[in-house]
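Proteins come first, then strands; the chains are lettered A, B, ... in the order of their sequence lines, and each starts at number 1. Just so we're clear, the structure is a prediction, and the values are computed from it rather than from any experiment.
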2 protein chains.
Amino acid sequence: MAGLREAKKAQTRRALVGAALELFGEHGYERTTVAEIAEQAGVSPATFFNYFATKEDVVFADQHLYDEILREVFAAADGTEPIAEFVPRTVRALATAPAWSFPLDDPLTAVRARLIASVPALRAGFLLRNAVFADSWARALCETYPGVLTEATAATLTGAVMGALQGGFGAYSGGEPLADVVTRAAEYVVAGFPLSSSDSPSRRSSRRNRSAGNRPRNS
Amino acid sequence: MAGLREAKKAQTRRALVGAALELFGEHGYERTTVAEIAEQAGVSPATFFNYFATKEDVVFADQHLYDEILREVFAAADGTEPIAEFVPRTVRALATAPAWSFPLDDPLTAVRARLIASVPALRAGFLLRNAVFADSWARALCETYPGVLTEATAATLTGAVMGALQGGFGAYSGGEPLADVVTRAAEYVVAGFPLSSSDSPSRRSSRRNRSAGNRPRNS
DNA sequence: GCACAAACTTAGAGTCTCTCTAAGTTTAGA
DNA sequence: TCTAAACTTAGAGAGACTCTAAGTTTGTGC
């Protein structure tokens, strides 16, 4: 029964994340001290740093879940699927999986998104984590498609995809489901953006059908 | 006229940047204190924060020069050049202009590049500045090509281009001139990556249309 | 030259993040 | 129950950064 210690740790960790996001949402990130977070969670300030290396880390507590999704997608890949389809499919898997231990409709989820978008230090941390993620993504692509992709091309590709996701996410204003938006962004990156004047935004959907994913192969 | 004061300020600023990069290169970023930088530059620690808001800022002292290059490129643009050509041309302008007040062969330039690549805090700051840069780039594109680009598409595009540059730069190992590498990366983003097996990297220049897959593929 | 105003520099006190160490407390397993 | 490992904690301290008040230098009008 080695469960008691583990359960207590998970509980403390969760209490710290919850307390932090609550206080951040109420008073702002900079104006909330680690001491206040620890007090709200019922532990000492020293314990906070036992669970998170930095104050920033508490906002990205669940980042590692995306790594697992990536691992799963690549574990099921055999390198026969065209890269131009595999990459957008990977993006959709990342966008649709619930990689966050709070439910999507939890207020703290919204607080977290707003913090990352508005606090420069957190945005920088987010971008850094994404860049590291893009690095391992590129490495995995090279291993799954040996000979097809150079390291430089893979790094350029995954960097572009992550950049497109970030840019698209920043300009996202609701409406269309986010998973569709980011998947299309990935398709644009691998297959090219619709930029010629005859390919106006209003006709984008017809172009999208042609590009990747599922079928209508009516070229 | 007020020339003496300006000159002295510029001299102090330059002394601080030089002292900082020298000490960073010698002892590392974290192990160098602001007090040491100030002493080496012959001013008080308080003065350091008169010139730079943070210790990190001293590494990115000349970032604003890229903004000026972007402004110049867009000032000379009239919106008739195809976006698929204009964007890579912009990238080449950014890559070839000497946007750094130390010469390219100055040892401090190499120190700076190595620091940004190896110190997480600096890499994060670099990425944040790039993201802000991508934002204003997207805004300028929307203004130069009204009606052709939505805000979301422009943000996705410039995000992808910056991401591609970062990824390609990270995997850069010399050989080909860097300006060529990043310009080609931008071309990949706007027009699509050469990903099918018949389209090997060596003959990318003959790649013509931007459909997702001209793929004779054995699936 | 001289005095005044603005710009610039500085010391000092203080807050907060983060590190490290040593000591106390709790849990797992014999 | 006893022991060893894991976990928590207080306390001391370094260092980035802020703020204020005081000193110094520079440009301008006389």
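Of all nucleotides listed (dT18(D), dA10(D), dA11(C)), dA10(D) comes nearest to the side chain of Ser44(A). Looking at the side chain of Ala46(B), the nearest of the listed nucleotides dC7(D), dA11(C), dA16(D) is dA11(C). Candidate nucleotides dT17(C), dA16(D), dT25(D) were compared by shortest atom distance to the side chain of Lys8(B), and dT25(D) ranks first. When the nucleotides dC17(D), dT9(D), dA11(C) are ranked by their closest atom to the side chain of Val43(A), dT9(D) comes out on top. For Lys55(B), taking side-chain heavy atoms from C-beta onward, the closest of the listed nucleotides dA16(D), dT10(C), dT19(C) is dA16(D). Looking at the side chain of Thr54(A), the nearest of the listed nucleotides dC18(C), dT26(C), dT18(D) is dC18(C).
Backbone-only engagement by Ala53(B) is indicated by non-hydrogen atom pairs under 4.0 Å involving sugar-phosphate atoms exclusively. If you check every strand for non-hydrogen atoms under 4.0 Å, Tyr51(A) touches sugar and phosphate atoms only.
Within the 3.5 Å criterion, the main-chain N or O of Val59(B) finds a donor-acceptor partner in the side chain of Arg112(B). Glu36(B) contributes a side-chain N or O that, together with a main-chain N or O of Thr33(B), makes up a donor-acceptor pair within less than 3.5 Å.
Put simply, CZ on Phe52(A) is 21 Å from P on dC16(C), counting in whole angstrom units. Here the C1' atom of nucleotide dA22(C) and the CG atom of Asn50(A) are 14 Å apart, to the nearest Å. To the nearest angstrom, P of dT9(C) lies 11 Å from CD of Gln11(B). Computed from coordinates, the Phe48(B) CZ to dC8(C) P distance equals 18 Å when rounded to whole Å. Nucleotide dC18(C) holds its C1' atom 13 Å from the CD1 atom of Ile37(A), rounded to whole Å. As rounded to whole Å, 17 Å separates atom P of dT21(C) from atom CZ of Phe49(A). One atom, CZ of Arg31(A), and another, C1' of dC16(C), lie 14 Å apart when rounded to the nearest Å. Glu39(B) places its CD atom 13 Å from the P atom of dT10(C), with the value rounded to the nearest Å.
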Criterion salt bridge (charged side-chain N to carboxylate O under 4.0 Å, His left out) on Asp57(A) and Arg13(A), from CA distance to verdict
CA-CA 12 Å; Asp57(A) 271 2; Arg13(A) 188 182 179 83; over 6 Å; no
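If you look at Phe74(B) and Phe86(B), their ring centroids are closer than 6.0 Å.
The aromatic rings of Phe52(B) and Phe48(B) sit tilted relative to each other, their planes meeting at an angle between 30° and 60°.
At dT9(C), none of the side-chain N or O atoms of Thr47(B) fall inside 4.0 Å of OP1 or OP2 (strictly under the cut-off).
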